[in-house]
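Every value quoted in this text rests on a predicted model; they were computed, and no experiment measured them. Here is the naming used below: chain letters follow the sequence lines, and residue numbers restart at 1 for every chain.
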Number of protein chains: 2
Amino acid sequence: MDLVTVREIYRNREAYLDKEITVGGWVRSVRDSKTFGFLVLHDGTFFETLQIVFHDKMDNFQEICKLNVGAAVIVKGTLVATPQAKQPFEIQADEVTVEGGSAPDYPLQKKRHSVEFLRTISHLRPRTNMFQATFRVRSLTAYAIHKFFQERDFVYVHTPLITGSDCEGAGEMFQVTTLDLENPPKTADGKVDYTKDFFGKQTNLTVSGQLNGEMYAQAFRNIYTFGPTFRAENSNTTRHAAEFWMIEPEIAFADLKDDMILAEDMLKYVIRYVMENAPEELAFFNSFVDKGLMERLNSVVNSQFGHVTYTEAIEILEKNNDKFEYKVSWGCDLQTEHERYLTEQVFKRPVFVTDYPKEIKAFYMKLNDDGKTVAAMDCLVPGIGEIIGGSQREDSYEKLLQRMHELGLKEEDYRAYLDLRKYGSTRHAGFGLGFERCVMYLTGVSNIRDVIPFPRTVGNCEG
Amino acid sequence: MDLVTVREIYRNREAYLDKEITVGGWVRSVRDSKTFGFLVLHDGTFFETLQIVFHDKMDNFQEICKLNVGAAVIVKGTLVATPQAKQPFEIQADEVTVEGGSAPDYPLQKKRHSVEFLRTISHLRPRTNMFQATFRVRSLTAYAIHKFFQERDFVYVHTPLITGSDCEGAGEMFQVTTLDLENPPKTADGKVDYTKDFFGKQTNLTVSGQLNGEMYAQAFRNIYTFGPTFRAENSNTTRHAAEFWMIEPEIAFADLKDDMILAEDMLKYVIRYVMENAPEELAFFNSFVDKGLMERLNSVVNSQFGHVTYTEAIEILEKNNDKFEYKVSWGCDLQTEHERYLTEQVFKRPVFVTDYPKEIKAFYMKLNDDGKTVAAMDCLVPGIGEIIGGSQREDSYEKLLQRMHELGLKEEDYRAYLDLRKYGSTRHAGFGLGFERCVMYLTGVSNIRDVIPFPRTVGNCEG
């Protein structure tokens with residue numbers, strides 16, 4: 001259908017003013033007097049609404065007056081400027097056609113609903129201001145990430161979701177199977193016979209695409225992944241979902257410094273893109289969700305990120321141990337309270353913490369010359385703490401194998417990964433960005449359930 | 001590291017000619033005489049290689065001469081034009097530093113390997129010309145799809161992967177569980193107790209994001225999904241994978257005609273984007289994989305797609321039934337042989353077949369006024385047959401419910417989906433594009449295993 005969108009009207013008003021146009025959308029509110037009335041229309045393409053004036057010369061005046069919130073209409077009329085009014089323009093309608101009515105029990109009314117209630121109607125909540133803004137920002141953020149990497153000629157790699165291996169034992173995994181659980185085939189010794197399963201062995205949902213990403217970085221030099229990741233952790237928090245999306249770039253001929261430059265450039269690029277392309281949505285979040293949002297985003301975009309080693313960070317934090325629930329000392333992992341203290345109080349800007357003790361980091365991270373720390377980095381940002389975690393990877397076959405042995409990892413499970421260190425190994429690095437955490441950061445939304453269209457959490461797989 | 005990429009050199013040679021530059025990459029071949037030698041270097045950023053001339057003034061001349069294929073090197077030297085030679089320029093090296101050697105058993109040698117062999121080393125095959133080309137095109141195709149929809153202000157929606165429902169029963173599904181299969185919890189009557197499973201009920205991997213996509217189209221008007229999809233079908237063919245990616249746009253205030261315009265525009269846009277951004281790769285495919293590729297792609301981009309109803313198509317095909325293994329008659333589903341005959345022999349260009357019998361299409365497709373056919377469309381392209389399938393959706397609550405009853409679908413499983421027809425229903429439409437099929441079409445690669453980085457098929461979950 002040849003409809004003008006509300007986005008086009010707002011972004012390019014001069015082209016439409018005083019012209020007859022046709023728009024379509026959903027009714028946010030209706031009010032009428034005896035001879036005319038107003039519809040507030042939202043068409044889903046833009047955060048703002050459009051006011052429609054209708055009048056009793058229309059055959060279906062009564063029908064329009066009785067429209068319920070949520071009804072779909074198509075409106076033909078003239079766009080006129082309204083310099084005296086709150087809204088910049090309105091449509092003086094010649095025709096209002098009802099495309100689809102809205103039943104009286106429509107759950108969304110013209111009032112503020114709680115996010116908890118809205119989570120119970122995940123198919124309707126994107127029609128509210130809050131979720132219109134959130135999911136448009138989510139979409140723009142995803143695109144900004146692709147755009148950033150593609151403009152730099154990174155190759156986008158779809159790493160597999162179903163996997164026969166468990167990268168770094170990063171967490172509890174979901175099993176994937178076609179066996180009949182009521183009556184699974186058994187081997188002679190009474191175990192489940194996985195040779196009868198779809199893939200001929202036991203399989204799980206991936207927890208990270210990194211190891212596969214490294215394989216492609218050693219072929220394409222610069223790659224990124226952007227896909228779903230799964231954790232079967234029984235943690236019912238505002239920051240954990242069972243199904244979420246991750247971005248994992250991997251760069252060859254690159255060290256930890258290159259990795260941090262890439263992470264900083266990426267974050268700034270994505271924030272800028274969203275600020276430019278969703279100003280109305282960010283203004284809404286800044287007013288109604290997180291008053292400090294715009295200031296924080298502006299500050300990140302304009303700052304030079306700080307750098308501090310883990311050892312230095314621990315020295316700083318130890319002096320302030322009285323402020324923390326968990327006291328720090330060298331060797332311990334940093335908690336969110338420590339991360340936020342560093343970025344918010346000490347550096348007052350994003351900061352990279354580098355060179356963590358090898359014991360608290362993954363086996364594949366490159367051992368530093370001190371033999372105690374690894375070339376890891378976490379990027380901490382005000383308001384949230386860690387947003388990115390990355391490292392230079394161990395590129396020495398011998399050192400990697402030794403570390404795997406220390407940790408009891410089986411060589412045969414990592415044959416392909418070890419091959420990368422045997423055939424043209426290069427220094428290389430990468431990082432992981434939790435996509436939902438990034439969207440939460442860009443919107444100020446504090447519960448991960450509210451930035452995922454149909455969230456999956458322990459006990460919840462609705463919609 | 002501050003390395004110039006081979007891509008930059010080829011695309012912007014004037015900026016680098018006669019300058020000293022540093023490049024890094026992997027050795028494709030080495031040959032030497034007594035006083036000098038040649039390395040052919042591939043750096044993963046560009047399809048073409050770069051020739052390096054090295055000489056015996058270097059301290060490590062002997063080391064370089066002995067490099068095995070696959071070794072990683074960093075080269076400092078001057079880029080000089082070589083107008084007499086096959087390649088347009090070469091680097092006259094001052095220094096060649098070995099970044100990582102390549103063990104003597106490196107499986108990739110300077111000869112053509114079979115794709116079957118290469119599938120057994122999925123971590124190394126992206127280093128070959130064939131898979132360099134394929135996976136760069138895959139990446140560019142993915143980006144072109146995002147770019148197309150984002151430029152049109154479509155909202156990208158991540159529909160869920162783990163699901164408690166089975167959309168349209170589109171195929172066998174994988175079960176997702178955290179239960180211990182050796183000893184699952186049981187209910188009083190001896191069944192598996194799914195209330196103890198992670199989500200408190202039985203869950204599967206999605207076969208389509210469409211129903212969720214429709215929910216978002218009724219909020220944002222124009223949306224698209226682009227994510228993984230799963231089928232647990234025990235079919236070992238060149239066209240089926242257990243895990244693949246799908247694109248499913250959905251548009252509100254739109255009918256089947258709008259849907260076809262969108263599909264045609266998208267296909268042409270994506271082909272054009274890949275032609276512009278991967279000319280070297282497409283030339284390779286045209287020479288070594290599929291001689292008719294460029295002609296076919298050019299023809300698609302420049303043609304107006306044809307339109308024919310299913311009923312008309314059957315009339316045409318029936319006259320040629322002697323040519324087909326499966327004879328057609330009204331009511332039967334079209335096989336690939338029929339689809340290809342229509343697009344290749346009859347129309348000689350892409351063609352939309354519309355208005356299929358309702359019995360061979362999904363329950364949610366809009367019933368036409370004839371009461372027999374539905375507003376469905378399949379887009380058929382030369383060389384492959386169906387590449388896109390879509391429809392206008394049934395937007396009448398009563399008709400949808402009636403069709404669900406006819407097919408024995410349970411109302412309570414589709415409560416949210418039915419709600420869309422209750423609250424501001426609009427005419428709307430959408431389609432599905434199998435991403436791998438699209439990449440196969442763009443490259444001429446005939447086995448789906450060779451366009452997926454780490455393919456998952458029955459009995460195979462390696463890498």
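Contact annotation for Pro228(A): only side-chain heavy atoms (C-beta onward) come within less than 4.5 Å of a heavy atom of chain B. At a 4.5 Å heavy-atom cutoff, the contact between Asn212(A) and chain B is made by backbone and side-chain atoms alike. With a threshold of 4.5 angstrom between heavy atoms, Tyr194(A) approaches chain B through side-chain atoms but not through N, CA, C or O. When heavy atoms are compared at a cutoff of 4.5 Å, Phe435(A) approaches chain B solely by way of its side chain, counted from C-beta outward. With a 4.5 Å cut-off on non-hydrogen atoms, Ser122(A) touches chain B through its backbone but not through its side chain. Interface remark: Thr177(A) contributes backbone and side-chain atoms alike to the contact with chain B (heavy atom separation under 4.5 Å). Leu124(A) touches chain B through its side chain: at least one heavy atom from C-beta onward sits under 4.5 Å away, while N, CA, C and O do not. Only the backbone of Ala71(A) has a heavy atom closer than 4.5 Å to any heavy atom of chain B. For a residue to count as touching a neighbouring chain, one of its non-hydrogen atoms must lie under 4.5 Å from one of that chain's; by this rule Thr457(A) touches chain B with the backbone only. Contacts of Arg136(A) with chain B are made by both backbone and side-chain atoms, with heavy-atom separations under 4.5 Å. Using a 4.5 Å cut-off between heavy atoms, Val157(A) contacts chain B through its side chain alone, with no backbone atom that close. Contacts between Ala217(B) and chain A at a heavy-atom distance below 4.5 Å involve the backbone alone (N, CA, C, O). The part of Gln150(A) that comes within reach of chain B is its side chain, from C-beta onward, which places non-hydrogen atoms under 4.5 angstrom from that chain. Heavy atoms closer than 4.5 Å to chain A are found in the backbone of Val73(B), but not in its side chain. Interface remark: Asp255(A) contributes no atoms to any contact with chain B (heavy atom separation under 4.5 Å).
Sorted by first and then second residue, the pairs that involve residues 148-160 of chain A and meet salt bridge (charged side-chain N to carboxylate O under 4.0 Å, His left out), not counting sequence neighbours, are Lys147(A)-Glu151(A).
Between Arg427(B) and Glu99(A) a salt bridge is recorded (basic side-chain N to carboxylate O distance below 4.0 Å).
Side-chain contact between Gln218(B) and Trp26(A) is present, with at least one heavy-atom pair separated by less than 4.5 Å. Side-chain atoms of Phe220(A) and Thr45(B), non-hydrogen and from C-beta on, never get closer than 4.5 Å to each other. Residues Arg221(A) and Thr5(B) are in side-chain contact: their nearest non-hydrogen atoms beyond the backbone lie under 4.5 Å apart. Here the side chains of His158(A) and Phe454(B) are not in contact, with every heavy-atom distance at 4.5 Å or above.
Contact count versus chain A (heavy atoms, under 4.5 Å) is highest, among Phe131(B), Phe253(B), Phe46(B), Phe149(B), for Phe253(B). Per-residue heavy-atom pair counts under 4.5 Å with chain B were compared for Thr128(A), Leu3(A), Leu420(A), and the maximum is reached by Leu3(A). Per-residue heavy-atom pair counts under 4.5 Å with chain A were compared for Val69(B), Leu179(B), Thr203(B), Asp43(B), and the maximum is reached by Asp43(B). In terms of heavy-atom pairs under 4.5 angstrom with chain B, the leader among Ser396(A), Ser102(A), Gly190(A) is Ser102(A). When each of Ala242(B), Gly100(B), Ala142(B) is checked for heavy-atom pairs under 4.5 Å with chain A, Gly100(B) comes out on top. Residue with the most contacts toward chain B among Pro453(A), Ala72(A), Gly227(A), Gly70(A): Pro453(A) (heavy-atom pairs, distance under 4.5 Å). When each of Ala252(B), Gly200(B), Pro126(B) is scored by its heavy-atom pairs under 4.5 Å with chain A, the top score falls to Pro126(B). For the set Arg138(B), Gln175(B), His42(B), Lys191(B), the entry with the most heavy-atom pairs within less than 4.5 Å of chain A is Gln175(B). Heavy-atom pairs under 4.5 Å with chain B peak, among Tyr143(A), Tyr397(A), Tyr106(A), at Tyr143(A). Among the candidates Gln202(B), Glu182(B), Met215(B), Lys422(B), the residue making the largest number of heavy-atom pairs closer than 4.5 Å to chain A is Glu182(B).
To the nearest 0.5 angstrom, Glu243(B) atom CD is 4.5 Å from Leu161(A) atom CG. Atom NE2 of His146(B) and atom CZ of Phe226(A) lie 7.5 Å apart (nearest 0.5 Å). The distance from the CD1 atom of Ile251(A) to the CE atom of Met1(B) is 11.5 Å, given to the nearest 0.5 Å. The OG atom of Ser139(B) sits 11.0 Å away from atom CZ of Phe154(A), with the distance rounded to the nearest 0.5 Å. In this structure, the separation between CG on Leu181(A) and CG on Asp197(B) is 8.0 Å, given to the nearest 0.5 Å. Between the CG atom in Leu205(A) and the CD1 atom in Ile162(B) there is a gap of 5.5 Å [rounded to 0.5 Å].
Residue Lys201(B) places its NZ atom among more than 12 non-hydrogen atoms of other residues, nucleotides or ligands, all under 6.0 Å distant.
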Steps toward side chain to side chain donor-acceptor pair (under 3.5 Å) verdict (Arg415(B), His123(A)): CA-CA 10 Å; Arg415(B) 188 41 56 209; His123(A) 61 304; over 6 Å; no
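Using cut-offs of 30° and 60° on the angle between ring planes, the pair Phe135(B) and Tyr216(A) is perpendicular.
Take Arg127(A) and apply the salt bridge (charged side-chain N to carboxylate O under 4.0 Å, His left out) test, not counting sequence neighbours, and it matches no residue.
Side-chain polar atoms of Tyr423(B) and Asp105(A) form a donor-acceptor pair below 3.5 angstrom.
You'll find the ring centres of Phe199(B) and Phe174(A) inside the 6.0 Å limit.
Among all heavy-atom pairs drawn from Gly164(A) and Cys461(B), the shortest one is N-SG, 3.7 Å.
Distance alone, capped at 3.5 Å, places no donor-acceptor pair between the Glu172(A) side chain and the Thr178(B) backbone.
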